[in-house]
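Just the heavy atoms: all of them, side chains too, but no hydrogens, waters or symmetry mates, feed the values below. Chain naming here is simple, since letters A, B, ... match the order of the sequence lines and numbering starts at 1 in each.
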Amino acid sequence: MRDTHEIDFNDELLAWYDRNAREMPWRIGPADRSSGMRPDPYRVWLSEVMLQQTTVAAVRDYFLRFTSRWPTVESLAAAPDEQVMGEWAGLGYYARARNLLKCARVVVESHDGCFPDSHDELLNLPGIGPYTAAAIAAIAFDRPETVLDGNVERVVARLYDIHDPLPGSKPQLKQRAAALTPAVRPGDYAQAVMDLGATVCTPRSPACGICPMRTRCRSQAAGTQADLPRKTPKKPKPTRYGHVYITQTADGAMLLERRPDKGLLGGMLGWPGSEWSDAPSDTAPFASDWRVLPGEVRHTFTHFHLILQVWATSLPPGAAPEDMILLDKHAFRPSDLPTVMRKAFDLWRNQ
DNA sequence: GATACGTGGAT
DNA sequence: TATCCAAGTAT
């Protein structure tokens, strides 16, 4: 049963959203929204996958390029893998791009090109988990589903002054969030809570002074909001070392490899290289007059730091060694590389 | 439940 | 410089 507190919360937050909703390329305008128009499920899905663990600012241009190049799920499903991985390069978490393609192809081949409109059916699709299934159902189809992302966790933990640390407190937060989800405009409500978390109820220095929930927020009353939500401490990152091998032929072609689909940077283009470990071997992939470039590439992944040496050589024009890809001057685009590989290229180019 | 999985911006 | 953090998912 929904109590008065929750009804007031919904009204206040939706009113705030109507005044403050941020413009985003995947959203429809207020006029269309109030006339009952729904956003394109394809665009909602694409934006939500891109937004997983990624900021709106980082996603915007990627979304515009993807939808310009592939305006429909059919066109995306028909795209070659390499083109999609290249367009995703730099955005990170590359399993998302591999699952994006899998999902597009399932939707086209098994769902007649239409995204399912229920949480449970969406959850069965590749790359769609509990959050994204709820987000698509709510935003694209206006289903009363409860989204629970980092923003909602923070807003709810503060609103109810919940001190139990994440991720253990997730079920409790989910229950609170579900009790707040209204039957009216659930899609707008979901986006409203996330916008509030992103712009007002921020992780550090929350703007409680302008928060529409100020008078209803228990942690604001208790003065504990800056310490919430609590999180279990993270493990320190180890440092790993390795080399990459950058080879150019006399006619300007570059020697690369396609990384295996599983694991780090899976499916992406990259330079051949050593293992990344405490003490990498210094065995080059083939005999040549290798030059070790001055400087190094430093890059931090989710769970380790990486320090990379760059070895460079040149070859006469010809065939690529086994399992490697020779891309000529026009076919090679540094923007197709994941960031760590692009850093190595930049070091090589500026040598 | 714990771990693997990217990147860039803010502090 | 170091740490945190972002509209999480798969295994």
| message | Classify M24(A) by what it touches in the nucleic acid, base, sugar-phosphate, or nothing, heavy-atom distance under 4.0 Å. | response | base
Rounded to whole Å, the CD1-C1' distance (I136(A) to dT9(C)) equals 13 Å
From CZ of R298(A) across to C1' of dT1(C) the rounded distance in Å is 11 Å
Of P203(A) and P130(A), the one whose closest nucleotide on DNA chain C sits nearer the 5' end is P203(A)
Residues in residues 141-150 of chain A with a heavy atom under 4.0 Å of DNA chain C, by number, are D149(A), G150(A)
Atom CG of D278(A): over 12 foreign heavy atoms under 6.0 Å:
no
So the stems of DNA chain B, runs of at least three Watson-Crick or G-U pairs (under 3.5 Å), are B:2-5 with C:8-11, B:7-11 with C:2-6
Apart from I28(A) itself, its cluster of hydrophobic side chains linked below 4.5 Å comprises M37(A)
* Is it possible for you to check whether R342(A) lies under 6.0 Å from the centre of the six-membered ring of F345(A), through NZ or CZ, and within 45° of that ring's axis? => no
| query | How far does the P atom of dG6(B) sit from the matching atom of dT11(C), given to the nearest Å? | reply | 14 Å
Residues A177(A) and V152(A): closest non-hydrogen pair is CB-CG1, 4.0 Å
(Q) With a 4.0 Å cut-off on N to O distance, would you call D195(A) and R27(A) a salt bridge? (A) yes
Classify the angle between the aromatic ring planes of W45(A) and Y42(A) as parallel (below 30°), tilted (30 to 60°) or perpendicular (above 60°). tilted
- prompt: Does the pair T247(A) and T313(A) meet the rule for a side chain to side chain donor-acceptor pair (under 3.5 Å), with working shown?
  reply: CA-CA 5 Å; T247(A) 304; T313(A) 195; 6.0 Å; no
So, with a heavy-atom separation below 4.0 Å from DNA chain C, the residues of residues 192-201 of chain A are M194(A), D195(A)
Walking DNA chain C from its 5' end, the first of Q191(A) and K262(A) to be reached, judged by nearest nucleotide, is Q191(A)
Are H299(A) and F301(A) an aromatic pair by the rule of ring centers under 6.0 Å? yes
(message) What contact category does K237(A) fall into here, base, sugar-phosphate, or nothing, at under 4.0 angstrom with non-hydrogen atoms?
(response) nothing
Expected string for nucleotides 4-11 of chain B under the B/S/- scheme (protein heavy atoms, under 4.0 Å, primed atoms plus P, OP1, OP2 as sugar-phosphate) is SBBBS---
To the nearest angstrom, the CG-P distance between N124(A) and dA10(C) comes to 11 Å
Between NZ of K235(A) and P of dG1(B) the distance, given in whole Å, is 16 Å
Verify the contact: side-chain N or O of K234(A) to OP1 or OP2 of dT3(C), cut-off strictly under 4.0 Å; return yes or no.
no
Using a distance-only test with no angle check, is there a side-chain donor-acceptor pair under 3.5 angstrom linking H305(A) and T300(A)? yes
* Asked: Just to confirm, is there a sub-4.0 Å distance from OP1 or OP2 of dA10(C) to any side-chain nitrogen or oxygen of K102(A)?
  -> no
When rounded to whole Å, the CZ to P distance for the pair F63(A) and dA6(C) reads 22 Å
*asked:* Determine whether the aromatic ring centres of residues W271(A) and F332(A) are separated by less than 6.0 angstrom.
replied: yes
Checklist line | Modelled atom types, side-chain donor and acceptor of T249(A) and D251(A), under 3.5 Å | finding: yes
Here the distance between atom P of dA10(C) and atom CG of L100(A), to the nearest Å, is 12 Å
Within the structure shown, what part of the strands sits under 4.0 Å from R259(A) by heavy-atom distance: base, sugar-phosphate, or nothing? nothing
TODO: Answer yes or no: is there an ion pair linking D142(A) with R38(A), defined by an N-O contact shorter than 4.0 Å?
DONE: yes
Excluding L315(A), membership of its hydrophobic cluster (Ile, Leu, Val, Met, Phe, Trp, Tyr; side-chain heavy atoms within less than 4.5 Å) reads Y245(A), L255(A), F286(A), W290(A), V292(A), W311(A), M324(A), L326(A)
Compute the ring centroids of F63(A) and W26(A), then answer whether they are less than 6.0 Å apart. yes
